[in-house]
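Let me begin by presenting the structure, written as structure tokens, before commenting on it.
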Amino acid sequence: QILLLICRLFSNRVQSSDYIPSKSAKPVGYTVYAVVRYISENIFNIDSIGKMARELGYCDIYLSRVFKESRPSGLFKEKMGMTLQSYVTMKKMEKAVEMIEQGNFTITEIALKLSFESLQSFSKSFRRTVGVSPMEYRKEYFSKKKSE
């Protein structure tokens, strides 16, 4: 836990400019690229879209307007096939599955590392995305692995 806290402390010092590519003619595509890159490199530190926007140097209102589902052009959904919140959840669940399969973490530790508010919110999100609870997934994965 101490190492995790130290890593979080140092990772919070990352400059938002590290994730922002050089300006292009398509500012929305530019923003989408910056957000996707930030998510992939900071999946353990994302606890809200608003905080992520501020860390990237964007206004919360700008990001929510750019990524709103009803906007006709240049959307995150149009470019990525899902909403920003769905994308963040999908990436967190991919990481959760990977961590469960490693077998080095408890379900509670995984929920904490992925910045979920509670074990219940993590389990609900996992079940909605993967189709089973994290414990059921762990049992199925390791029983399948033993039979191989």
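All values derive from a computational prediction rather than experimental measurement. Below, all heavy atoms of this structure are taken into account, side chains as well, without hydrogens, waters or symmetry copies.
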>> Under the side chain to side chain contact (heavy atoms under 4.5 Å, CB included) test against Val88, which residue among Val35, Asp47, Ile39 passes?
In response: Ile39
> Closest heavy-atom contact between Val132 and Phe126?
Replying inline: O-CD2, 3.1 Å
> With side chains defined as the heavy atoms from C-beta onward, is the minimum distance between Ile43 and Tyr38 less than 4.5 Å?
Replying inline: no
> Rounded to the nearest 0.5 Å, what separation is found between the NZ atom of Lys146 and the CZ atom of Phe142?
Replying inline: 9.5 Å
> OG/Ser115 to CG/Asn45 distance, rounded to the nearest 0.5 angstrom?
Replying inline: 6.0 Å
> Is there side-chain contact between Glu94 and Val97, with heavy atoms separated by less than 4.5 Å?
Replying inline: no
> Judged by atom type as modelled, is there a donor-acceptor pair below 3.5 Å linking the side chain of Thr129 to the main-chain atoms of Met93?
Replying inline: no
> Hey, are the side chains of Phe122 and Ile107 touching, using non-hydrogen atoms and a 4.5 Å cut-off?
Replying inline: yes
> Please walk me through it: do Lys144 and Glu140 pass salt bridge (Lys or Arg N to Asp or Glu O under 4.0 Å)?
Replying inline: CA-CA 6 Å; Lys144 196 183 296 181; Glu140 289 176 16; over 6 Å; no
>> Quick one: does any side-chain atom of Glu136 pair with a main-chain N or O of Ser133 as donor and acceptor, under 3.5 Å?
In response: yes
>> Quick check: do Phe44 and Lys95 have side-chain heavy atoms less than 4.5 Å from each other?
In response: yes
> How far does CZ of Phe105 sit from CE of Met99, to the nearest 0.5 angstrom?
Replying inline: 4.0 Å
> Ser48 versus Lys51: any side-chain heavy-atom pair under 4.5 Å?
Replying inline: yes
> Would you say the side chain of Tyr33 lies within less than 4.5 Å of the side chain of Arg37, judging by non-hydrogen atoms?
Replying inline: yes
> Any side-chain heavy atom of Pro134 sitting closer than 4.5 Å to one from Ile110?
Replying inline: no
> Taking everything shown except Glu98 itself, do over 12 heavy atoms lie less than 6.0 Å from its CD?
Replying inline: yes
> Measuring from Lys91:NZ to Asn42:CG, what's the distance to the nearest 0.5 Å?
Replying inline: 13.5 Å
>> Less than 4.5 Å apart, side chain to side chain, heavy atoms only: is that true for Gln120 and Ser123?
In response: no
> If you round to the nearest 0.5 Å, how far is CD of Glu117 from CG of Leu112?
Replying inline: 12.0 Å
>> Within 45 degrees of the ring normal and closer than 6.0 Å to the centroid, is that where the cationic atom of Lys92 sits relative to Phe116?
In response: yes
